[in-house]
Number of protein chains: 2
Amino acid sequence: MNETPPLSRIQKKNRRAILDAALDVFSQYGFRGTTLDQIAQTSGLSKPNLLYYFPTKEDIHTTLLDELMQDWQDPMRAIDPEGEPLEEILDYVQRKLEMSRDFPRESRLFANEILQGAPQFLDALKGGPRHLFDEKVALFQTWMDQGKLAQVHPQHLIFSIWSLTQHYADFEVQIRIYLGPEGKDPYPEAGKFLRTLFTRMLTP
Amino acid sequence: MNETPPLSRIQKKNRRAILDAALDVFSQYGFRGTTLDQIAQTSGLSKPNLLYYFPTKEDIHTTLLDELMQDWQDPMRAIDPEGEPLEEILDYVQRKLEMSRDFPRESRLFANEILQGAPQFLDALKGGPRHLFDEKVALFQTWMDQGKLAQVHPQHLIFSIWSLTQHYADFEVQIRIYLGPEGKDPYPEAGKFLRTLFTRMLTP
DNA sequence: GTCTATATTAAGATAGAC
DNA sequence: GTCTATCTTAATATAGAC
């Protein structure tokens, strides 16, 4: 559908630098709260140079969101209908938690977008993601009906997984303040806690 | 410490209108993503008139955050050390969920502030709130040691309550998309779900 | 207290040299 | 491809009339 203009090595490198810097800033301040000056400064490129690689500020933002949508659902896709139900869900929780640990900026970019009313996502969310969600809801319901999982509201179960795992990225500042004087890594304990939580909730 | 200039009725009314409009906009776009024009339009007042009531944009924002800090901890303060442990926690969860339902904009204002690194909150959070948090952590630990609650990491327990309840306000757009075609109120089912979750996790 | 007009700076984007 | 200079619009804030 699209032309595929071959990118030189330097082009790739600079596009990456811009997107990386933009992710830093957009994930913290949202689209409207972010300025090209900030992205320029963070990336080490000049402002006109940004606009040589991306026609507009919005285009940078959209590119980031598009990339995010590619990977963000991988953990849910990986839930295996043939697997052992509780283990499948615990593994899903673990994968989501690792996403928060390893890609906190992406999580916050997403959070910012939703907070602002998901202007870009609204349509995208109704498409593929919605279908995947419904599919896993049905799967969880089947497992519960077969007595392999305790009965809970399957949609809210998924919301709870998203909420509990993304919280460690989105509210990281707050977590660090409350976890005490010198912030050791909260993720190992978070993993243990969440494993306990979902095991107790879902064991039939 | 401060002068207390008596406010006329019209002053109170206009200040309220401004703060209410500002809450609308700040909670959606964050401090930097919000413009005075938006607040002016939403409140129905002219832009110079905003600045008659509040010296700067920042002053409006700070006022909102200060008010928020007043009430935001009430649900946690209300946990009764003399009460029945599981019921106290379930009631706390319920109060937090009601805050999300009744004051979603406040929840999102808070979320935005944390996402942006909590520039205003950092110091405030280390003060009173931190003390209250530690006090309840100790209380939960006591209850667990007495065998009145199942053992879990008490700090992460509190994070989980915040996360699960605030999620319904902060990610409301997403929730509505996934809950289906015509969005009935998600809160009754959320309340039931969370009650089940915390009962199963915490029953000794 | 509220308004119109305006000063001033910041921000997105472009022109054109190199 | 990158830079300096600059255009244009938007945004915070102020002045001063009413």
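Proteins get letters first, then strands, A, B, ... in listed order; numbering begins at 1 in each.
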*Sequence neighbours excluded, which residues qualify as side-chain hydrogen bond (donor to acceptor under 3.5 Å, both in side chains) partners of A/N112?*
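Per chain and number, A/N112 pairs via side-chain hydrogen bond (donor to acceptor under 3.5 Å, both in side chains) with no residue.
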_Holding to side-chain hydrogen bond (donor to acceptor under 3.5 Å, both in side chains), I want the full list of residues that pass it with B/T62, two or more places apart in sequence or in another chain._
B/Q120
*Span of DNA chain C in contact with chain B (heavy atoms, under 4.0 Å)*: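 In short, chain B contacts DNA chain C from C/dG1 to C/dA5.
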_side chain to side chain contact (heavy atoms under 4.5 Å, CB included) partner of A/M201, chosen from A/L149, A/I89, A/V152_ =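 Output: one option passes, namely A/V152.
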My understanding is that only residues two or more places apart in sequence, or in another chain, count here; which of them pass salt bridge (charged side-chain N to carboxylate O under 4.0 Å, His left out) with [X]?
| X | result |
| --- | --- |
| B/D74 | B/R77 |
| B/K47 | B/D37 |
| A/D20 | A/R105 |
| B/K12 | none |

*Quick one: side-chain contact (heavy atoms from CB on, under 4.5 Å) partners of B/F103, sequence neighbours excluded?*
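Listed in chain order: B/M99, B/E106.
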*Where along residues 47-65 of chain A does a heavy atom fall under 4.0 Å from DNA chain C?*
A/K47, A/P48, A/L51, A/T56, A/K57
*For DNA chain C, what residues of residues 23-37 of chain B have any heavy atom nearer than 4.0 Å?*
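Result for residues 23-37 of chain B: none.
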*Does any pair with a residue in residues 52-69 of chain B pass salt bridge (charged side-chain N to carboxylate O under 4.0 Å, His left out), and if so which ones, sequence neighbours excluded?*
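Qualifying pairs: B/R16-B/E67.
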List the atom pairs, with distances to 0.1 Å, where a side-chain N or O of residues 48-55 of chain A and a protein N or O form a donor-acceptor pair under 3.5 Å, not counting sequence neighbours.
residue, atom, partner, partner atom, Å
A/Y53, OH, A/N14, ND2, 2.8

